[in-house]
Structures are given as structure tokens and as C-alpha cells.
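First the structure, which I've put down as C-alpha cells, then a few questions once you've had a look.
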There are 2 protein chains.
Amino acid sequence: MTNADDKPPENRSKAVAPRAGRLGPTIRDVARVANVSIGTVSKALHNSGSLRKETRARVLEAVAELGFRPNELAQSLHRGASATVGLISNDSFGRFTMPIMEGLEACLAERRIAVFMCNATDDPERERQHVEQLLSKRVDGLIVTSRRADSRPRIDLGETGLPVIYVFSQSDAPGSFCLLPDDEGGARLATEHLISQGRQRIAHITGPERFEAVRLRRKGYTKSLAMAGIEYDASLCLTGSWSEAWGREAVDRLFAEPAKAPDALFCGNDQIARGALDALTLRGIRVPEDVAIVGFDNWEVLTNATRPPLSSVDMNLYELGREAGRHLMTMIDGETYGGVSRLPCTLVVRQSSQVADAKEQAGAKGIQEGHDHA
Amino acid sequence: MTNADDKPPENRSKAVAPRAGRLGPTIRDVARVANVSIGTVSKALHNSGSLRKETRARVLEAVAELGFRPNELAQSLHRGASATVGLISNDSFGRFTMPIMEGLEACLAERRIAVFMCNATDDPERERQHVEQLLSKRVDGLIVTSRRADSRPRIDLGETGLPVIYVFSQSDAPGSFCLLPDDEGGARLATEHLISQGRQRIAHITGPERFEAVRLRRKGYTKSLAMAGIEYDASLCLTGSWSEAWGREAVDRLFAEPAKAPDALFCGNDQIARGALDALTLRGIRVPEDVAIVGFDNWEVLTNATRPPLSSVDMNLYELGREAGRHLMTMIDGETYGGVSRLPCTLVVRQSSQVADAKEQAGAKGIQEGHDHA
DNA sequence: GTGAAAGCGCTAACAA
DNA sequence: TTGTTAGCGCTTTCAC
């Protein structure tokens, strides 16, 4: 019952919907301009059905003229899927979340899926609100990430069978799908590399015991020692905080008695490694000649800033994010996954662990040369 | 013409819309269960109109029973606004983008506005695609951020009068609204602080000339010197890269001739400052007794890791993000802004710039004590 | 106080 | 080949 000649309401400037003008032309407008029906416009847009060439051309012309852009909200409503996923982070978008986000976004963008960013910073109430909002917005899937020592309670999604992936975080609920780096494997890469460099007394300076990553990395470390027939010396395995200060302190302890000093350090993260390196330098101990060092995280602002540049294990978080994206897409398509999946780490060898003339060692599986961006 | 007793289609398991079950109950279902009309349910949900107490109760009961969650997509379609904004980053979600995102998200979450994250990494084509997608999703506003030396081309939004804010980035188009930290002011805080510590020969080691931030910070530095009656010595102002290596190299140059050596360093970022600090320490020059240092960015992984901890200028990026969110909300409500707005920086004083017994200096405007998280 | 119905912009099934 | 129309799930006006 609207009057057929419905003009744009230029007159009612203070109408109830002041943003109407911003919403742009609708498919109806296109139909009017092209002088065809709405259904025809839709067909022309999706290249579906059969249409006379010139009709389609006329429609596309009108589309261009009006600057028509289909309203995805309406499409989603119809389709029952929003081409949208939510990413909930508890790491305050921290250093570890970033590369994961990038990988995820890059992967999903290819299928034109958009990502809602939500920061819950370990506040259960905020998390609940975000989940609530995401469900209301009818996201097609959910990614949960966080840098946590222990596994987290699973997200409560009620009856909705919404696909969820825990990346770089673990849910305690059975059946949840978790994507993590292979900490143990990473540690083995590092330790075996040091052994291959001829080191025999390899110390491990690492973070707080309560982190599963700490326990797994130590496991990899001890396994590699065992495989090489090196006896594990508990006094060489030091647990502390994730800081440079702890790295310095640990070195002070390890090198208190020169006779018992190690000839290599495998550190739980790059900050510890840097602290250790600084402390060694201060003591006049040469790296890598006297003591070789390998860190963990491959955080380039650190690894490339030290002298010498720091070898480190890379968790390939960007790749982890991509993988999460891929899995999520197949889950959205109906697939189901569960359990913990771990992605391999890579060792990036720089000067801190390799005396110059031993360089030919590199090239083995999971090992790459560090390219220092000058 | 649908049969009134429309059952959920449990039978057609391989139907065209396999996700239908996931979409959850609709307002129609609620109406059926509560035995009222759809309109009544809506009123009950929004506490609008007048409703008998028990009717409302009945509706809410049905809502709870079914786990009904209003479909925001449908609401948005009706309302003509999506309660959604886009954030386009060209910094690959880097170190600077993170705190901005956090502030933005925190601010918008209060009004239940969700944020789409898009990473364009300085690729114009990807950026265009993202913008296109965001427009299709009918976002209510756009935030553009990037760490760039120069101003960027403005985002092309066609006819849509979509609100846009450039945060930590500048558009070359006149009329654009840009939100930036007050680099010049930050530099003045740092320089004046050093002067107040009795320093007279203050060097400035900074980044590449092509960054506007570099030029502005130097301007602040020279102004402060002038105000204090200290003559500007061009040989004390060194331009290089943003790296620790450059910080070390610059110190080597500055201290080549001990007679001409400065008694304070104001560095263009914390990495440079750290490199400088390390180089000084290596030369046996004491910080802060012999040379005081102030950095820029207040990147805590760096500032708290050095010995002594590093004083630094904080750009308050989190606050910048919040401010962007606030402005964007008022712009969505119809307000318009333009031009460049700069937010004040803060100086965080730690030990690198302040000899112990001079501590009472702190407390002035824009200056705060650095609390080192152990 | 409550119900009916017209949209919001789009798709797809069906008619013409 | 093209037009018509019934939804998608919700809000809101207007009858009753």
C-alpha cells in the first residue's frame, strides 16, 4: 500500500530514523532504476538463474550508478549464518595473542568471514557478557585464546551447538578442541641442537612450575638428554619467573662454582635468555664459545637485539592462528573435532648457540637459519 | 499459509539449512509457549508499553525455559544500525595497536558495540576488501590505525557518511578526524625532567627523520632546551633507526670524545634507550649518576628489564583507544569532528634518570613514579 | 492489555 | 526470461 512513486524522504529531516540516508540504496532502488523486478536484480547480482544479457547489464549499471552494496545483515538473517566469528582473548591482546589473531584473521578473510575481537582479561563476568553478545550477534563460531598456566573452564554456550576452538589455551571440559604449540617438541629441538653443538652440561632455566608449558618443555629437555646418554642433573634445572631478572639471577647461581658451571643454557623464554646472556657477558664468559644459549618464543625484538643474536624456539603462533581458522571453517561446515592438537615448533638458530664454523649443522628438520633483519 | 502447528523439522536431517537447529528459538516460539502474541513478547522483553504483571512473568518464564536470545541481526536490520564498528590496522596488530584496541574495545563494550578486527598490513588492496566487507556488514563506524611515518590516503567510503576516526595515524584528506599522542609535549616532559635533574648537556638519539613523530619530538626537545636557556648543539642530536643497535652506536659516537660527552640522553624510543644504556654500562659510565636516560614508549618489558629501570614517556595508547571509542560513539550519534587532536603523554620516572636523593622532584603535572612490578 | 500486521533488505520458490 | 511473494526474526503502530 505504499505509493508506487515513493521518493526518498528528503523533507522529513528530523525523522525518527536520522541515519536512514546513510544506509544507502536497497535492492528495491536498484530494481526501480533498472526498471526490472527485485527478483531479477537478485539474479543478476548472483549470476544465478537465466537472464538476458542486456537485462543483467542494465541491472549492473544501476548498481554501479547507485553505489548499491548488498546488506549482509539482511542476507545473514535469511541465510541463518552471519559469516562472522568471535575471538575471545584473555591475554589482553598481548604478545602471544597478536600473531594468533593475525593468522586467524588472514585465514578467515579469505572466506570473507569477519572476526569480532573481545577482550575478557581473565574476568569471568566480562567473558560471559562477551559470549552473550556474540551469541546474540549469531556468530558462526568462537575462538578462545589466553596465556594461562592451567586449563580454563569451558565457555558456556548453552544449547547452541556453536563450534568452539581453544587456541593457545585449554578447556578442562572433555571433548573440547584445543590447539596448542608442541612445547615438548620445541624443547627437544633446542636441546638436541645444543647437544649437536657438542655441549654436554646443558642447564635449563625456566618459568613458574605451575605452567604446563614449563613442565612440558622440561620433559622435552630431559628426554633429549636421556636419548643422548647425558645424565640429568637436577641442579642444572632452575625454576623461577619469566623475567630477565630471573635469567640474570639464575646465571649467578649456576656459575657460582666454576667447576660445576654448564656449557649451555636452554631458557624457558627469551626474556630469561636475555637476562642470562647479559649476566654471562658481564662475567666475561663468551657466548657462544664458552656457553651456548637458546631461548623460547623467538620474540624478534629480543632475539635480534642481543649480542650475539639469540637462537630461539618459535611456536609458530601465526600458523597456529591459521590452523585455528581452517579448523573453525570446517567445523562451521559441520565437521567436529575434539581433544588436544599440537603444532610443531621451529628452532631458529642465531649466533648465540652456534660457533661460526659449525654453521653447516643447520638445515635439519625443524631448524632454520635466523635471518637477522640487519 | 503455513500449518499452524509448525513443528521443528527434526525429520529432514539433511535439509538445505543444516544449521537451522543451531539458530535457537525465535520470538515466535516464545509467544507460542507463553500463549501470547508476538507483540506481547516484544513488550515484555523491552519493558515497554503496558502489560499485566502475570503476562510478563509468563513470557519471561517461557524465555528462560527456551533459552531464547534475541537475534541481533534481525534487530539491526530493523533498526538500521548494527551496534558494530570496524577497526582497520596497518600495523599487523603490532605493539602499538594492541593497547589502542584494548582501550577502544573496553569503551565500546560498555555500550555493547562489537568490534570487527581487520588487518590490512599496508596492503591497499586488502584494505579495500576489508572496507568493502565492513560496509556490507553495515558497521556504524570505522577506526583506522597504523604506525606510519607519513599520513595515509583517506579511506574511500563513497557516499556513505560513515564516521571514521584515524587513531595513531593521519589521513591526508582535509576534514578527517585524527587522534594522536602529543609527541612534542611528551618530548618536553622528558627534556624538562632531565633539566630539572640538573643536566645541561642533553643529547637526543632518535629514529628515522621521515617519521613525523621524530620531528615533533625533536621540536619539543629543542623548545625545552631554549626555554631553559640551554644552547642547542646539533652534534648532540643523532638520527638513526629505531633499534637497540642504533642506541649503542650512537653512544659510541657521543662518547668518543669524553670532553664533549653529554650528561643525559633523551632517546626516541625505549629500544634505542636500552641500547644506549647497555653501551654506557659497558663503558663503565654510571646511569643515572654520570648520565641520565629517558626513553619513549614506556614499553614495560623493556623499561623494567634494564638495570637500572628505564624512565620513559608513555603515550597513553590505551587512553587514546578509549578516547577514540568515546568520539566514535558521539559521531555515531550524529556529532562531527575534524582536524588533528592530540592527547597528552605522561612521563614515568624510574631510576635511569633520577639519582636516589632527588626523588622528591616527582609529582609534578604529567609525571608519575614508575611502579616496578618487581 | 493484547493481538494483528506492516515493514527492515534480501533470497528463493513459484507463477506468469 | 521475468515478476510476485512468502518468509528470515524482530519492532512498532494501530486496532480491538
Side-chain angles (χ1 to χ4, degrees), chain A residues 1-4 6 9 15-17 19-20 22-32 34-59 63 66 68-83 135-138, chain B residues 1-4 6 9 15-17 19-20 22-32 34-59 63 66 68-83 135-138:
Chain A
M1 291 302 169
T2 56
N3 42 341
D6 212 43
V16 186
R19 307 183 58 262
R22 184 183 291 162
L23 257 29
T26 73
I27 201 172
R28 241 233 233 357
D29 301 320
V30 176
R32 193 149 29 208
N35 199 29
V36 293
S37 76
I38 290 184
T40 305
V41 174
S42 185
K43 270 183 216 160
L45 288 173
H46 298 93
N47 248 320
S48 61
S50 43
L51 234 49
R52 221 170 41 203
K53 234 180 184 173
E54 51 185 85
T55 313
R56 168 164 335 204
R58 199 143 37 90
V59 171
V63 164
L66 294 174
F68 169 75
R69 204 182 323 265
N71 185 333
E72 265 202 39
L73 257 39
Q75 293 182 164
S76 300
L77 185 57
H78 182 87
R79 178 180 351 123
S82 59
L135 289 176
S136 289
K137 290 206 186 296
R138 296 299 190 265
Chain B
M1 294 298 171
T2 57
N3 41 343
D6 213 44
V16 185
R19 305 184 58 265
R22 186 182 291 161
L23 257 29
T26 74
I27 200 172
R28 240 234 234 356
D29 301 320
V30 175
R32 192 149 30 208
N35 200 27
V36 293
S37 76
I38 291 184
T40 305
V41 174
S42 186
K43 270 184 216 159
L45 287 173
H46 298 93
N47 250 319
S48 61
S50 43
L51 233 49
R52 221 170 41 202
K53 233 179 187 173
E54 50 186 87
T55 314
R56 167 164 336 203
R58 200 142 37 90
V59 170
V63 165
L66 293 174
F68 168 76
R69 204 184 324 266
N71 184 333
E72 265 201 40
L73 256 38
Q75 293 183 162
S76 299
L77 184 57
H78 182 88
R79 178 180 353 123
S82 60
L135 289 176
S136 289
K137 289 206 186 295
R138 296 297 190 265

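Both backbone and side-chain heavy atoms feed into the values below; hydrogens, waters and symmetry mates do not. Keep in mind the model is a prediction, meaning the values are calculated, not measured.
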Legend entry - Pairwise side-chain contact, V36(B) with V41(B), heavy-atom cut-off 4.5 Å (strictly under): yes
Inset, instruction - Rounded to the nearest angstrom, tell me the gap between atom CZ in R69(B) and atom P in dC10(D). - result: 12 Å
Inset, instruction - Kindly compute the distance separating CZ (R58(B)) from CG (L51(B)), expressed to the nearest 0.5 Å. - result: 9.5 Å
Inset, instruction - Could you tell me whether the side chain of R79(A) and the main chain of A81(A) form a donor-acceptor pair under 3.5 Å? - result: yes
Inset, instruction - Would you indicate, yes or no, if dT11(C) has its OP1 or OP2 atom less than 4.0 angstrom from a side-chain nitrogen or oxygen of Q75(A)? - result: yes
Inset, instruction - Write down the atom of K137(B), the atom of A83(A), and the distance for their closest heavy-atom approach. - result: NZ-O, 3.2 Å
Inset, instruction - Would you give the length of the straight line joining atom CG of L66(B) to atom OG1 of T26(B), rounded to the nearest 0.5 angstrom? - result: 9.0 Å
Inset, instruction - Would you mind reading off the distance between R28(B) atom CZ and dG7(D) atom P, rounded to a whole angstrom? - result: 8 Å
Inset, instruction - Using atom CG of L77(A) as one end and atom C1' of dC8(C) as the other, report the distance to the nearest whole Å. - result: 9 Å
Legend entry - Inter-residue atom distance N71(B).CG - R69(B).CZ, 0.5 Å rounding: 11.0 Å
Inset, instruction - Could you tell me the separation between the NZ atom of K137(A) and the P atom of dG9(D), rounded to a whole number of Å? - result: 17 Å
Legend entry - Protein-nucleotide distance (E72(B), atom CD; dC8(C), atom C1'), rounded to Å: 15 Å
Legend entry - Separation of atom CZ in R138(A) from atom P in dC8(D), rounded to whole Å: 14 Å
Inset, instruction - May I have the distance from R79(B) (atom CZ) to dC10(D) (atom P), rounded to whole angstrom? - result: 12 Å
Inset, instruction - Starting at CG of L73(B), measure out to NE2 of H78(A) and round the result to the nearest 0.5 Å. - result: 13.0 Å
Inset, instruction - Using five pairs at either end of the helix from dG1(C)-dC16(D) to dA16(C)-dT1(D), determine the angle between the two local helix axes and round it to 10 degrees. - result: 60°
Inset, instruction - Calculate the interatomic distance between H78(A) atom NE2 and dT5(D) atom C1'; express it in whole Å. - result: 13 Å
Legend entry - Nearest-0.5 Å distance, CG of residue L77(A) to OG of residue S82(A): 11.0 Å
Legend entry - Which residues share a salt bridge (charged side-chain N to carboxylate O under 4.0 Å, His left out) with K43(B), sequence neighbours left out: none
Which protein N or O atoms sit under 3.5 Å from an N or O of nucleotides 1-4 of chain D?
| from | atom 1 | to | atom 2 | distance (Å) |
| --- | --- | --- | --- | --- |
| dT1(D) | OP2 | S50(A) | OG | 3.1 |
| dT2(D) | OP1 | R52(A) | NH2 | 3.4 |
| dT2(D) | OP1 | T55(A) | OG1 | 2.4 |
| dT2(D) | OP2 | R52(A) | N | 2.8 |
| dT2(D) | OP2 | T55(A) | OG1 | 3.0 |
| dT2(D) | O4 | K43(A) | NZ | 3.3 |
| dG3(D) | OP2 | S37(A) | N | 2.7 |
| dG3(D) | OP2 | S37(A) | OG | 3.2 |
| dG3(D) | OP2 | T40(A) | OG1 | 2.8 |

